[in-house]
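Before any comments, here is the structure.
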Amino acid sequence: MPRFIALVKASPESEAGTLPSTESLEEMTRYNEELAEAGVMLTGEGLHPSSRGVRISYRGSERTVTGGPFAPTEELVAGFWMIRARDLDEAVEWLERAPFREGVVEIRQVLEDEDFGDALTPELREAERRLRERTGQDR
């Protein structure tokens, strides 16, 4: 079954480091429990504001590290879920139920091994399998 990542877009409040209320946390916990009970949720987390992060820019062999905060806020991510769903429509159905009053969630399908075709050779597939085994990832 395909995996999808749901990216919760940042808001001025999340970028200011404002944490959710107990009531909001309770609602989110109930929603996460519903996802887990249905076997949909793989993981989900909130993120610290971009002021506590860095960006690394790559140009050839050159690396540039830039400290946050980053702008514009609406392009940043404040949290995410990784879920399994039959298709994008089912992923949308689940995320429409998220207990948000405002904001934006972007849903994108995760690339799977078969998406890479012949470029992912048998040797690379085996290396990926070993890596997933070592890191406890189960696809």
side-chain hydrogen bond (donor to acceptor under 3.5 Å, both in side chains) evaluation trace for Ser51 with Glu15: CA-CA 7 Å; Ser51 61; Glu15 275 299 287; 5.9 Å; no
Audit row: Arg129, Glu126, salt bridge (Lys or Arg N to Asp or Glu O under 4.0 Å) steps and yes/no: CA-CA 5 Å; Arg129 186 199 63 74; Glu126 178 58 22; 2.5 Å; yes
Audit row: Gln109, Arg3, side-chain contact (heavy atoms from CB on, under 4.5 Å) steps and yes/no: CA-CA 6 Å; Gln109 188 169 345; Arg3 294 174 300 151; over 6 Å; no
Criterion side-chain contact (heavy atoms from CB on, under 4.5 Å) on Ile5 and Trp81, from CA distance to verdict: CA-CA 6 Å; Ile5 189 162; Trp81 282 278; over 6 Å; no
Chi angles and distances behind the salt bridge (Lys or Arg N to Asp or Glu O under 4.0 Å) call for Arg86, Glu93: CA-CA 11 Å; Arg86 285 186 312 276; Glu93 288 174 18; 5.1 Å; no
Pair Thr64-Tyr58, side-chain contact (heavy atoms from CB on, under 4.5 Å): steps then yes or no: CA-CA 7 Å; Thr64 304; Tyr58 302 85; over 6 Å; no
Test log, rule side-chain contact (heavy atoms from CB on, under 4.5 Å), inputs Phe80 and Thr43: CA-CA 8 Å; Phe80 68 93; Thr43 190; 3.8 Å; yes
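Checking side-chain atoms of Arg125 against main-chain N and O of Leu120 turns up a donor-acceptor pair under 3.5 Å. In this structure, Thr121 contributes its side chain and Leu124 its backbone to a donor-acceptor pair below 3.5 Å. Thr29 contributes a side-chain N or O that, together with a main-chain N or O of Leu25, makes up a donor-acceptor pair within less than 3.5 Å. One N or O on the side chain of Thr135 and one on the backbone of Leu131 form a donor-acceptor pair closer than 3.5 Å.
In this model, a donor atom of one side chain and an acceptor atom of the other lie less than 3.5 Å apart for Glu13 and Ser11.
Under the 4.0 Å criterion applied to side-chain N and carboxylate O atoms, Arg108 and Glu106 are assigned as salt-bridge partners. Classification of Arg30 and Glu37 as a salt-bridged pair fails, no side-chain N sitting under 4.0 Å from a carboxylate O. Taking the charged nitrogens against the carboxylate oxygens, Lys9 and Glu74 have no contact shorter than 4.0 Å, which rules out a salt bridge.
Met82 and Val40 end up in different hydrophobic clusters when Ile, Leu, Val, Met, Phe, Trp and Tyr side chains are linked at under 4.5 Å. When the side chains of ILVMFWY residues are joined at heavy-atom separations under 4.5 Å, either directly or via intervening members, Met28 and Leu7 end up in two distinct hydrophobic clusters. If you chain together hydrophobic residues whose side chains sit under 4.5 Å apart, Leu47 and Met41 never meet in one group. Residues Val8 and Leu76 fall into different hydrophobic clusters, defined by Ile, Leu, Val, Met, Phe, Trp and Tyr side chains chained together at heavy-atom separations under 4.5 Å.
Ring to ring, Tyr31 and Trp94 are not that close: their centroids are 6.0 angstrom or more apart.
Ala91 and Ala85 make their closest contact through N-CB, 3.7 Å (heavy atoms, listed as atom of the first residue, atom of the second, distance). Shortest non-hydrogen contact noted between Ser50 and Pro69 is OG-CA, 3.4 Å.
Taking a 6.0 Å sphere around CZ of Arg63, one finds it holds more than 12 heavy atoms contributed by other residues, nucleotides or ligands.
With a 4.5 Å cut-off on side-chain heavy atoms, Phe4 and Val110 do not count as touching. The shortest side-chain heavy-atom distance between Thr66 and Ile56 does not fall under the 4.5 Å cut-off. For the pair Leu88 and Ile107, the minimum side-chain heavy-atom distance is below 4.5 Å.
Taking the ring axis of Phe70 as reference, the NZ or CZ atom of Arg55 stays within 45° of it and closer than 6.0 Å to the ring centre.
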